[in-house]
Amino acid sequence: MSLPDSIETDRLLLRKWRAADRDPLAALLADPLYHRFMPGPSPRSAADAQFERIQQKIEIHGFGPWVVELPDEAQFIGFLGLGIPRHTLPASPCIEIGWHLIPSFWGQGYATEGARASLQFGFEHLGLDEIVSFTVPANIASRRVMEKIGMSRDLDGDFDHPALEPGHPLRPHVLYRIQPAELDQA
Ligand SMILES: CC(C)(COP(=O)(O)OP(=O)(O)OC[C@H]1O[C@@H](n2cnc3c(N)ncnc32)[C@H](O)[C@@H]1OP(=O)(O)O)[C@@H](O)C(=O)NCCC(=O)NCCS
């Protein structure tokens, strides 16, 4: 099966990673605002490790998050797309969708636009039968993206993230799911 190298949406280019993406990725992962609902901010060494991990997973599985580019405006505004969760979760085995944008680009519908294209890629090119997403309950922006792209909360799916110790405020997570038939209804 040949997979597309990139995806164009109305306003975005979802593309493969380049070495030049290391620096803007590190800047994003060092931003406390970006980390409001995730553990961090991360030092440069952790950002470099994350860059390597993403490349390795794409090499192994043939897919992973895309870099989000705004053509003629910004070569890196974040990354989003599909992946296999790093940790074993109650929903595992599963494919997740996630989104991570530079704060100055929030609130313009970019995550939703890129996420819709990623879902389509997952269902039409990868033939997936379900995609999940999860976040902390307070991350309303992320939950709103999930809802706007047609995902439904699995009320029985709440879980404690295994990477965080008991009592950590970011440990409880909510789980959303979507199957191919629901994509058209979004
Ligand atoms: C989550 C994230 C990707 C959203 O990106 P975005 O481009 O701003 O998303 P969109 O503009 O497509 O949609 C955001 C929606 O949330 C809404 N929203 C954002 N903050 C909100 C808040 N505090 N309360 C209520 N709604 C809120 C927006 O109004 C919008 O909904 P609308 O279109 O109905 O008005 C971005 O906030 C981000 O990168 N956050 C840091 C990383 C992160 O937390 N990722 C998720 C990890 S699970």
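The figures here come from the full heavy-atom set of this structure, side chains too, leaving out hydrogens, waters and symmetry mates. Along the sequence shown, the residues carry numbers beginning at 1. Indexing begins at 1, ligand by ligand and atom by atom, following the structure's order.
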Look up [atom] and tell me if a protein heavy atom lies less than 4.0 Å from it?
atom: atom 33 (O) of ligand 1; value: yes
atom: atom 29 (O) of ligand 1; value: no
atom: atom 3 (C) of ligand 1; value: yes
atom: atom 23 (N) of ligand 1; value: no

Point to revise | Matching residue for His61 among Leu82, Ile84, Leu126 - test: side-chain contact (heavy atoms from CB on, under 4.5 Å) | key: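 Of the listed residues Leu82, Ile84, Leu126, the side-chain contact (heavy atoms from CB on, under 4.5 Å) partner of His61 is Ile84.
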
**Study point:** side-chain hydrogen bond (donor to acceptor under 3.5 Å, both in side chains) between Gln75 and Glu69, intermediate numbers included
**Key:** CA-CA 5 Å; Gln75 294 194 342; Glu69 181 168 327; 5.0 Å; no

Review point. How are the rings of Phe134 and Phe159 set relative to one another: parallel (under 30°), tilted (30 to 60°) or perpendicular (over 60°)?
Key: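 Phe134 vs Phe159 ring planes: perpendicular.
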
Quick one: nearest non-hydrogen protein atom to [atom], plus distance?
atom: atom 27 (C) of ligand 1; result: Ile140 CG2, 4.1 Å
atom: atom 36 (C) of ligand 1; result: Trp106 NE1, 3.3 Å
atom: atom 44 (O) of ligand 1; result: Asn139 ND2, 2.9 Å

Practice item. State plainly whether one hydrophobic cluster holds both Ile60 and Ile54, where clusters connect Ile, Leu, Val, Met, Phe, Trp and Tyr through side-chain heavy atoms under 4.5 angstrom apart. Key: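 Different clusters: Ile60 never reaches Ile54 through Ile, Leu, Val, Met, Phe, Trp or Tyr contacts under 4.5 Å.
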
Review point. Where on Met38 is there a heavy atom closer than 4.0 Å to ligand 1, on the side chain, on the backbone, on both, or on neither?
Key: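 Just the side chain.
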
Practice item. Examine the proximity of ligand 1 to Val145 and report which part, side chain or backbone, both or neither, has a heavy atom under 4.0 Å away. Key: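 Answer for Val145: side chain.
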
Are any of the heavy atoms in [X] under 4.0 Å away from ligand 1?
X: Lys148; value: yes
X: Phe37; value: no
X: Gly109; value: yes

Interfacing atoms of ligand 1 (cut-off 4.0 Å, heavy-atom, [X]):
X: Phe134; result: 48 (S)
X: Thr112; result: 10 (P), 12 (O), 13 (O)
X: Thr135; result: 48 (S)
X: Arg144; result: 15 (C), 16 (O), 17 (C), 30 (C), 31 (O), 32 (P), 34 (O)
X: Tyr110; result: 7 (O), 12 (O)

Review point. Thinking salt bridges, do Arg44 and Asp23 make one under a 4.0 Å N-O criterion?
Key: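 Asp23 and Arg44: salt-bridged.
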
**Study point:** Close aromatic pair by centroid cut-off 6.0 Å: Tyr110 and Trp99
**Key:**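 No, the ring of Tyr110 stays outside the 6.0 Å limit from the ring of Trp99, centre to centre.
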
Practice item. Flag the pair Pro65 / Leu80 as yes when at least one side-chain heavy-atom distance between them is below 4.5 Å, and no otherwise. Key: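 The answer is no, as the side chains (C-beta and beyond) never meet within the 4.5 Å cut-off.
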
Review point. Should Ile95 and Val132 count as side-chain neighbours, where that means a heavy-atom distance under 4.5 Å?
Key: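 No, too far: nothing below the 4.5 Å cut-off.
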
Point to revise | Trp66 and Ser6: side chain donor to acceptor below 3.5 Å | key: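 Trp66 vs Ser6: no donor-acceptor pair found between side chains.
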
Point to revise | Point-to-point distance, once rounded to the nearest 0.5 Å, from CD1 of Ile102 to CG of Asp31 | key: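 If we round to the nearest 0.5 Å, Ile102:CD1 and Asp31:CG are 8.5 Å apart.
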
